Structure formats: C-alpha cells, structure tokens
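No experiment lies behind these values; they were computed from the predicted model shown.
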Amino acid sequence: MNPKGLTPDNLQRAEARLARIPGVLACRIRIGTAGEVEEIQLDADRETDTEELGRTVLALMREEFGLEVGDAQVRVTPEREGAPSGVEEFPILEHASRFAFLSVNVVSSREGLRAEVELVREAVAAFGAASSENIAVPAWSVVAEATLRAVSEFLDGDTRLCLIGVVKAPLGDNAAMLVRVDVVSSRCTKSLAGCALVDGNENQSVVFATLDAVNRVTGKLDFRTSIEYKIQ
C-alpha cells in the first residue's frame, strides 16, 4: 500500500468500505495525481450524527488504509428534508468496477426460450443463463434474469439479486426498457430501477437497463475475491 495515497484498487476498496458504514447512503473519494486524498464526499441519512460519522471515517482511513485524513477533507451531506420516507438515491459511481456488457444471445425452440449473457468487470468475464418455457411472450424477463445471474457470479453468497419486473415504455419519440431489481442481503433489501433506450436491439437494451440499476450500488456490494467462468 502507498502510505501517502490510494492506488486505484485501494480507492475502490475505500469507497466500498466507507459506503458500508451505517447511515452512509453513498460515497465518493476524490484523489490527486499521486493518489493523495483531496476530498471524501459522503451522503448520509437524516438520523446520522455527521460529526460522529466524520470521526469514524478518519479512524477507518487511518486504521485500514494507513492514511491520515484531515477533518477539512471530509464532507458529509445529510439527506435533504422532505425526501420521501424509505427512498434512497444512489449516484452512479464512475469507476472501473462497474459491470460492462460483452454479449447477449437468445435462442427460441420448442422447449422454450433461453438467454445467455456475458459481462465483464475489472477485466474478468462472467456468464449467466436463464430459460422459460413460455415462447409466446418477449424474452425481456429471461434476458434480465440471465444478466443478474452473470452479475451474481461476482458477488458473495450473502447477496441476492431478485428481478421484480421488466417493461417497455414510450419515451418521447423513442421507447425505453425499464427494469426493477431488488438487492437482498443480510443487512437490508434495496429496490433499484434502471432504464435504457431501445436502439434496434431490445434484448441488448434490457441488459443495459438491468446493469443501469445494479451499477448504481456497485460501491455498496460485497464481491468475491475470485470467480470461476462456467457455462450453465
């Protein structure tokens, strides 16, 4: 570990670790060219003691990452008054640990529908497949389920991704795929929604919408240290 700053890998670890502090809704760490911490931005719920949270962050950065961070570098933004109860906003964290699309394939036969999706995260690929006996409906739900199974290959066993629904809706002069996913863990259950415009390939748009939902909480998920690529 660099004692004066954060490497890219440790930056992602630090954001994920801080995001799991009770009361933290989202976390973003800004670093300089040498990896030095310039600012730690935290969104916290309304019940959180912001001063205590700041002290917790300073202690965690010192004890787990060997970095001395000053009070002025920690910025805590409480959840705004009047926000709907029980609704949390998760900004999309733009870093390399997000899931990215590689391919989607849907096969229809007398036995039903089968969807296969391949994703990549940090240069590691994973495969997911799902099937349905109902060939009279679009393959959207099967594709979304295959996407979640590919994502689940990266996650530890305590986190489950549950598909709630997929719909296609008009949006201006185009159409969009909307996907709802519930993230279920031992700590809590969070409902997420993702959206992607349909640009000729509905199945690919379903994958993008599913990843749009899941990528909103990438920094709050617990990942396996390694995965084994397998055909299902």
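Other residues, nucleotides and ligands contribute at most 12 non-hydrogen atoms within 6.0 Å of the CD atom of E51.
Shortest non-hydrogen contact noted between F154 and A126 is CE1-CB, 3.4 Å. Of all the heavy atoms in S132 and V142, the pair that sits closest is CB-CG2, 3.6 Å. The shortest heavy-atom contact between G194 and D212 is CA-OD2, 3.3 Å. A176 approaches L171 most closely through the heavy-atom pair CB-CD2, 4.0 Å. For A213 against V181, the heavy-atom pair with the smallest separation is CB-CG2, 4.4 Å. Scanning all heavy atoms of the two residues, the minimum distance from A196 to A209 falls at CB-N, 3.6 Å.
Pairs of residues two or more places apart, or lying in two chains, that qualify as side chain to side chain donor-acceptor pair (under 3.5 Å) and include a residue from residues 174-183 are R180-D182, R180-S191, D182-S191. Sequence neighbours left out, the pairs with a member in residues 192-202 that pass salt bridge (Lys or Arg N to Asp or Glu O under 4.0 Å) are K168-E202.
Counting heavy atoms from C-beta on, the side chains of L60 and F65 come closer than 4.5 Å. Residues L11 and I31 form a side-chain contact, since some pair of their non-hydrogen atoms from C-beta on lies under 4.5 Å apart. Side-chain atoms of I21 and V57, non-hydrogen and from C-beta on, do get closer than 4.5 Å to each other. Between D43 and V76, the closest side-chain pair of non-hydrogen atoms is not below 4.5 Å. Residues L102 and L119 fail the side-chain proximity criterion, which asks for heavy atoms closer than 4.5 Å. Looking at heavy atoms from C-beta onward, V106 lies in side-chain contact with V143 at the 4.5 angstrom threshold. Considering only heavy atoms from C-beta on, D71 comes within 4.5 Å of L58 through its side chain. Contact of the L113 side chain with the S131 side chain is not registered, since no non-hydrogen atoms from C-beta on lie closer than 4.5 Å.
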Full working for side chain to side chain contact (heavy atoms under 4.5 Å, CB included) between E39 and V74: CA-CA 6 Å; E39 186 178 52; V74 179; over 6 Å; no
Check against side chain to side chain contact (heavy atoms under 4.5 Å, CB included), V117 and N203: CA-CA 10 Å; V117 173; N203 293 329; over 6 Å; no
Residues E118, F101; criterion side chain to side chain contact (heavy atoms under 4.5 Å, CB included); working and verdict: CA-CA 7 Å; E118 189 176 19; F101 169 80; over 6 Å; no
E111 vs E133, side chain to side chain contact (heavy atoms under 4.5 Å, CB included): CA-CA, chis, key distance, verdict: CA-CA 6 Å; E111 286 72 31; E133 295 180 355; over 6 Å; no
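Rounded to the nearest 0.5 Å, atoms OG1 (T50) and CG (L42) are 10.5 Å apart. Taking CD of E64 as the reference point, atom CZ of R17 lies at 4.5 Å (rounded to 0.5 Å). Residue L178 holds its CG atom at 10.0 Å from CH2 of W140, rounded to the nearest 0.5 Å. To the nearest 0.5 Å, atoms CZ (R121) and CG (N215) are separated by 10.0 Å. Note that CE of M177 and CZ of F208 are 13.0 Å apart. Values are rounded to the nearest 0.5 Å. Between atom CD1 of residue I40 and atom CD of residue Q73 there is a gap of 7.0 Å, rounded to the nearest 0.5 Å.
A salt bridge links E116 and R114; the closest N-O separation between the charged side-chain nitrogens and carboxylate oxygens is under 4.0 Å. Of the charged side-chain nitrogens involved, at least one lies within less than 4.0 Å of a carboxylate oxygen, so that R149 and E145 count as a salt-bridged pair.
When atom types are taken as modelled, the side chain of T210 and the backbone of V206 share a donor-acceptor pair closer than 3.5 angstrom. For T189 (side chain) and V184 (main-chain N/O), no donor-acceptor pair under 3.5 Å exists by modelled atom type.
Residue L148 is grouped with residue V124 when hydrophobic side chains (ILVMFWY) are merged at heavy-atom distances under 4.5 angstrom, including chains of intermediate members.
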